[in-house]
Protein chains: 2
Amino acid sequence: MIETRARRREIDQVASELFHAHGYAATSVRDIARALDIQGASLYAHVASKEDVLFSIVDRAAAAFEAAAASAEAETSTADPVERLAALVEAHVDVVTSDPRRASVFVTEWRHLSADRRAAMAARRDGYERRFRGVIADGVAVGAFRSTDTAIAATFVLTALNGIATWYRPDGRLSADAVADQYVDLALRSLTEDHR
Amino acid sequence: MIETRARRREIDQVASELFHAHGYAATSVRDIARALDIQGASLYAHVASKEDVLFSIVDRAAAAFEAAAASAEAETSTADPVERLAALVEAHVDVVTSDPRRASVFVTEWRHLSADRRAAMAARRDGYERRFRGVIADGVAVGAFRSTDTAIAATFVLTALNGIATWYRPDGRLSADAVADQYVDLALRSLTEDHR
DNA sequence: CCTACCGATCGGTAGG
DNA sequence: CCTACCGATCGGTAGG
């Protein structure tokens, strides 16, 4: 049992790599199997369908983003909106840099999910984005952020953060912490009324 | 002659739509043909390969970004870096909103080009990004932008701008001009040292 | 996890 | 732009 669960996780990891590099549609079941040194048909001993592999990756990524945001908000619930947004941004960047391929698949390949799963994922994304919009609206209300279209502001920040998944490499020039610091700074400055 | 050129442009437009909606790999030659009300094989009377269609779209998009940036820089060459960056950002947003599907294909599907074309496109992208880095570095040098990693700052801004291609719709809540205004503001604020 | 196999679809060509 | 067709590959199943 524990063996098969480990194998299942291996499949997700190998598939993340391939989906990230070539995209879901351009990756065949046999490509995934080859990376695991098994036959194409043997993959179906572990998964019901190719789409299940994609869903598993995307679902785990969504859960990671949700958990990180929830704990960031819990830890800063009494703080001012600037600090709360900083915590949200940092949490998001941390999830991306902790597994950039998974994050990249989450961001770019979720449209290949079945209609049901796509709709469910869209709802989760909306909920996640609402956290950002809420904090930004709070900041505008107390005068910490300049008056702005909160939907646009949240989208601006989130797309910039998600972009990290496309270029970040763990062995790159910048450490994950350095990226997080820079991005928190850039994101907050884009919204704050005035810098002292 | 003019007929075939018009047909060729029609192919690019239809393919942009499909590549944007489903991705290059998940779009078949027959999907494109069906949208044009012709047989799958008939498409080869107009194009040499499926990849040629992708290249045509991506190449036109790249040319549009380059031309817009060059003219923006020409018009503001003597201005201060803040104004020059504002012009670059506005030009970029204008290209995206003028044809969001083409821009989206350019941003997300270029990895499906052949190795040669991919390398050439990577070089053009580098050149384009260098314009942004250059203006940001100039701004840092004169104290208009705060000291920052110019590569990170340019990537932050450009990924946020490219994100517009994924959500902007001409019939949406915000006009192209409104989006451009907001994004210029957000991008500049993320970099400026102090707001008056 | 394997071998053997399935129908469907893929990008593309030949010849008009 | 069409019909007819190609070999290759696709996701997936049967039966062990």
Side-chain angles (χ1 to χ4, degrees), chain A residues 1-59 105 109-118, chain B residues 1-59 105 109-118:
Chain A
M1 298 293 132
I2 211 161
E3 281 281 22
T4 61
R5 259 199 309 236
R7 194 56 160 165
R8 190 55 243 270
R9 226 165 272 166
E10 229 180 317
I11 292 171
D12 283 359
Q13 253 158 48
V14 158
S16 282
E17 202 101 48
L18 292 167
F19 292 167
H20 164 71
H22 312 292
Y24 173 75
T27 302
S28 73
V29 166
R30 281 156 182 83
D31 289 335
I32 300 171
R34 193 178 309 122
L36 294 163
D37 261 313
I38 60 175
Q39 294 299 313
S42 302
L43 203 75
Y44 289 91
H46 302 98
V47 305
S49 70
K50 182 187 172 190
E51 193 227 321
D52 275 1
V53 178
L54 175 61
F55 177 69
S56 166
I57 296 165
V58 168
D59 184 50
V105 171
E109 305 298 329
W110 71 295
R111 63 175 160 182
H112 296 290
L113 291 171
S114 68
D116 286 6
R117 286 169 161 172
R118 203 173 341 111
Chain B
M1 296 295 133
I2 210 162
E3 279 282 22
T4 61
R5 259 199 309 236
R7 193 56 159 166
R8 190 57 244 268
R9 224 163 272 165
E10 230 181 317
I11 292 171
D12 283 0
Q13 254 158 48
V14 158
S16 283
E17 201 102 46
L18 292 167
F19 292 167
H20 164 72
H22 312 293
Y24 173 76
T27 302
S28 73
V29 167
R30 283 156 180 84
D31 289 335
I32 301 171
R34 193 177 310 123
L36 294 163
D37 261 313
I38 60 176
Q39 293 299 313
S42 302
L43 203 74
Y44 290 91
H46 301 99
V47 304
S49 70
K50 181 187 172 188
E51 193 228 320
D52 275 2
V53 178
L54 176 62
F55 176 69
S56 166
I57 295 165
V58 168
D59 183 50
V105 171
E109 305 299 328
W110 71 294
R111 61 174 161 184
H112 296 291
L113 291 171
S114 69
D116 287 6
R117 286 170 161 172
R118 205 175 339 111

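In what follows, chains carry the letters A, B, and so on, assigned in the order in which the sequence lines appear, proteins first and then strands, with residues in each chain numbered from 1.
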Can A/Asp12 and A/Arg9 be counted as an ion pair, charged N to O under 4.0 angstrom?
no

Take atom CD of A/Gln39 and atom C1' of D/dT9, then tell me their distance rounded to the nearest Å.
15 Å

List for me each residue that meets side chain to side chain contact (heavy atoms under 4.5 Å, CB included) alongside B/Glu51, sequence neighbours excluded, and say none if there are none.
B/Tyr24, B/Ser49, B/Leu113, B/Ser114, B/Arg117

Does DNA chain D take part in any stems of at least 3 consecutive Watson-Crick or G-U pairs (both distances under 3.5 Å), and if so, which ones?
C:1-16 with D:1-16

Could you give the OH-to-P distance, from A/Tyr44 to D/dG15, as a whole number of Å?
18 Å

In whole angstroms, how far is the P atom of C/dG12 from the CG atom of B/Asp31?
14 Å

In whole angstroms, the gap separating P of D/dC5 from CZ of B/Arg30 amounts to 15 Å

If you assign each of A/Ala26 and A/Ser42 to its closest nucleotide in DNA chain D, which residue comes earlier from the 5' end?
A/Ala26

Of B/Ala45 and A/Val29, the one whose closest DNA chain D nucleotide lies more 5'
B/Ala45

Beyond-backbone contact of B/Glu17 with B/Ile32, side-chain heavy atoms, under 4.5 angstrom:
no

Candidate nucleotides C/dG12, D/dC10, C/dT3, ranked by approach to the side chain of B/Lys50 - the nearest
C/dG12

Give a yes-or-no answer on whether the side chains of B/Ser56 and B/Asp59 include a donor-acceptor pair shorter than 3.5 Å.
no

Could you give the CZ-to-P distance, from A/Arg34 to D/dT9, as a whole number of Å?
10 Å

Heavy-atom check, side chain of A/Leu36 versus side chain of A/Leu43, under 4.5 Å
yes

Whole Å only: how far is the CD atom of B/Glu51 from the C1' atom of C/dG11?
12 Å

Between A/Leu43 (CG) and D/dC10 (C1'), how many Å, whole number?
14 Å

Let me see the working for B/Leu18 and B/Arg34 under side-chain contact (heavy atoms from CB on, under 4.5 Å), right down to the final yes or no.
CA-CA 11 Å; B/Leu18 292 167; B/Arg34 193 177 310 123; over 6 Å; no

Residue A/Ser28, side-chain atoms from C-beta onward, closest of D/dT3, D/dC10, D/dC1
D/dC10

Shortest side-chain distance from A/His46, nucleotide among C/dC1, D/dG12, D/dT3:
C/dC1

How many whole angstroms separate atom CD1 of B/Ile32 from atom P of C/dC10?
11 Å

